[in-house]
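All remarks here apply to the structure that follows.
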Amino acid sequence: MALTHNLGFPRIGAKRELKFALEDYWKGQIEEAELKSTAKAIRKHHWGLQVQSDWVPVGDFSLYDQVLDTSFLLGNIPKRFQGNSGSDLDTYFRVARGASSHGDGKCSHAGEMTKWFDTNYHYIVPEVSSNTAFKLNPTQLLDQLAEAQALNLNCKPVIIGPLTYLWLSKVSDNSDRLALLTEIISVYQQLLDLLATRKIEWIQLDEPILVTELDSGWRAAFESAYHTFSHANIKILLTTYFGALQDNLQLACKLPVAGLHLDAIGAKNEVESVADWLPSNKILSLGVVNGRNIWKTDLNATLSWLQPLAERLGDRLWLAPSCSLMHVPVSLQAESQLDTELKSWLAFAQEKLEELDILKKALNLGIPAVQNELNANRRAILSRQQSASVVNPVVSKRIAAINRHLGNRRNSFAERSAKQKDILGLPVFPTTTIGSFPQTADIRLTRRQFKKGEIGAEEYRKRMQEEIRNVIRQQESLGLDVLVHGEPERNDMVEYFAEHLAGFTTTQAGWVQSYGSRCVKPPILYGDVYRDRPITVDWIVYAQSLTSKPVKGMLTGPVTILNWSFVRDDQPPEQTCKQIALAVHDEVQALEQAGIKIIQIDEAALREGLPLRKAEWRSYLDWAVEAFRISANGVQDSTQIHTHMCYSEFNDIIDAIAALDADVITIETARSAMELLKAFEQFEYPNEIGPGVYDIHSPNLPTEAQISELIEIAAKHIPTNRLWINPDCGLKTRKWNEVVPALRTMVEAAKKLRETKEFQES
Ligand code: GLN
Ligand code: ZN
């Protein structure tokens, strides 16, 4: 008999219940007890949605981030947050969000945040050093287990494995992370022993680093950790996801654990060899339903390869999603406005669990037991394959006609730069922002009313123009040099474009957690993409009409639109990306024709699309760079192209960044104190750079000294005539009373530096 289990459920909630409770708590509107009881209710509800699984996950829930939870579980709390006033929960949120002052007047910067493997989820990077001492702190996990056990659920705790935890950590003193191995093993050992006393049969230890390239040190560390754990009185499901094991396949198969989970979507071609190599006493869990995308599984096709395997494996086969379902929305139920045909092609978390259930029944009870469900699934799969709304011959023609010239600027950066300097007349250290300004309650209300048809297009335009006027006025009075229109019309930098391009659809409530309480609603890219009307031109032209300073046109780049959408699985991503690139190209051309002198194309997600294995980077970067170039580079020399990237480490992709040939790149650097700039210096990055001089993700206001210090560090790495001054990222999540003083300080710092002789000369 095959069993089913789930690796993790989206904790934010179908209506983002967790988000709202968190934000109320941070605003001081609810007490800790209320936040905790809301969290408990959410867990209970979510477990209730998973009861058809034979094992439900416990410990996958998190108030902010599962990696941060693991840090707390292991007692690894950064020194700067230890011994502060307030509850443990407050300490937890301080690590996540930074603390302006906690009793002693000191500020502590938040833990660094970075992308979880190649997903759009961000985790808080654990900090370790040779002095790190782990100490098991299992209260929260045990409480949640007790909650689940009280509901009579078959619980399977879910924990990030020790090697993946260390691998994700950042060392502050250049020591070797693996030097902490013995210590971390012993804490995990204590945890396993403890869980064994709580009537726990299975624990899921997530080790997704097994799908990356590991050197011999890490492989040996796997052996020694899991050999130690093999003495525990609990069964370990070693869990891998986000791709194929490749050269780690043998290692994963032979570690002395009771079961192995394989991502049978990303590593479909390894299923047979894992089944062959896995010792016959072990469970094989197969992730047969895609946990990262929203398409229905072709159940009939899956059964055709799964059935023989199920006969062979018998009780040893478990079925699961390929990875945690936290990367997809909770349920399709809320989607009343989706086209019914398109909706029939989709499956969110709840529907994916139903798919697993159907597969299980088909295997255990025979096909006839679920014949109706399988027939319905076949119809849906066929309807998608044959739909006329998916393919468009005009788009294919344009793609076929792409040639090298389309992605090339007319002349070199040096020539362009001279012309741009003439036309724009900017001072040294030009100041600008990344695009968005605070999304106030008013703005959101207006957008909502317009969407619901409560206000007409004219009224909507009037109100948005008023917002734009206000943003332009504010920027002029702050003395910024290059202005933006503020993006009030955009709910989200990707969704907005998806709403205006053919080939995409958007959902009403398809929320996915991005970090902490922040959620995104990835659009669904189902068909050939094209632009049939201008998207941003009216807003930007209006903004430019209000000021004599240059206003940057603001677009999202093709790679980011691709990487932040749920994409087609019926054609290669590079093909889809080229289609988006042509659409953005058309918009860039239209902005230029409308007289816009600076156009920014955000590629916030270029780096996160990198394959997990280095061997696959080149081909990704080649098509990603080409897509950007197609979108951006058809302009006149005098038109200045900016790009923006956040949370990126550039060291290893700097050549690709340079190959974009953007005139100016603004990047996130403040949290890492300009560390990233070294890459730009060593590579001798040829164009202009705006390293973010303050962290917009934290409510802390930057001081002039902090900003000046960062600019001075930047000026050591980058010639001052190529240096821009800007925040780290867009300001939409901040409040006006944070933005105004922060930008005022930033502009002041720039002005002072302009007067400094040393900088005038260089
Ligand atoms: N232009 C966008 C904004 O300012 C960029 C956001 C981002 O990089 N994530 O909001
Ligand atoms: Zn950004």
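When a ligand or atom number is given, it counts from 1 through the structure's own listing order. On a predicted model such as this, the values are computed, not experimentally measured, just so you know.
- Of the N and O atoms on the side chains of E495 and T506, not one donor lies less than 3.5 Å from an acceptor on the other residue.
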For ligand 1, what N or O to protein N or O distances fall under 3.5 Å?
| residue | atom | partner | partner atom | Å |
| --- | --- | --- | --- | --- |
| ligand 1 | 1 (N) | I434 | O | 3.0 |
| ligand 1 | 1 (N) | E487 | OE2 | 2.8 |
| ligand 1 | 1 (N) | D602 | OD2 | 2.7 |
| ligand 1 | 4 (O) | I434 | O | 3.4 |
| ligand 1 | 4 (O) | S436 | N | 2.8 |
| ligand 1 | 4 (O) | S436 | OG | 3.1 |
| ligand 1 | 8 (O) | H644 | NE2 | 3.1 |
| ligand 1 | 10 (O) | S436 | OG | 2.7 |

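- Residue pairs satisfying the side-chain hydrogen bond (donor to acceptor under 3.5 Å, both in side chains) criterion with at least one member in residues 735-750, sequence neighbours excluded, are listed as follows: R734-E738.
- Annotation: R461, atom CZ; neighbour count of heavy atoms from other residues, nucleotides and ligands within 6.0 Å does not exceed 12.
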When the side chains of residues 464-474 are checked against the rest of the protein, which donor-acceptor pairs come out under 3.5 Å, sequence neighbours left out?
| residue | atom | partner | partner atom | Å |
| --- | --- | --- | --- | --- |
| R469 | NH1 | Y542 | OH | 2.7 |

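- Within the structure, salt bridge (Lys or Arg N to Asp or Glu O under 4.0 Å) contacts touching residues 628-643 (residues at least two apart or in different chains) are K419-D637.
- With contacts defined as side-chain heavy-atom distances shorter than 4.5 Å, the pair V95/Y64 does not qualify.
- Remark: at the Zn ion (ligand 2), atom SG from C646 and atom NE2 from H644 enclose 120°, rounded to the nearest 10 degrees.
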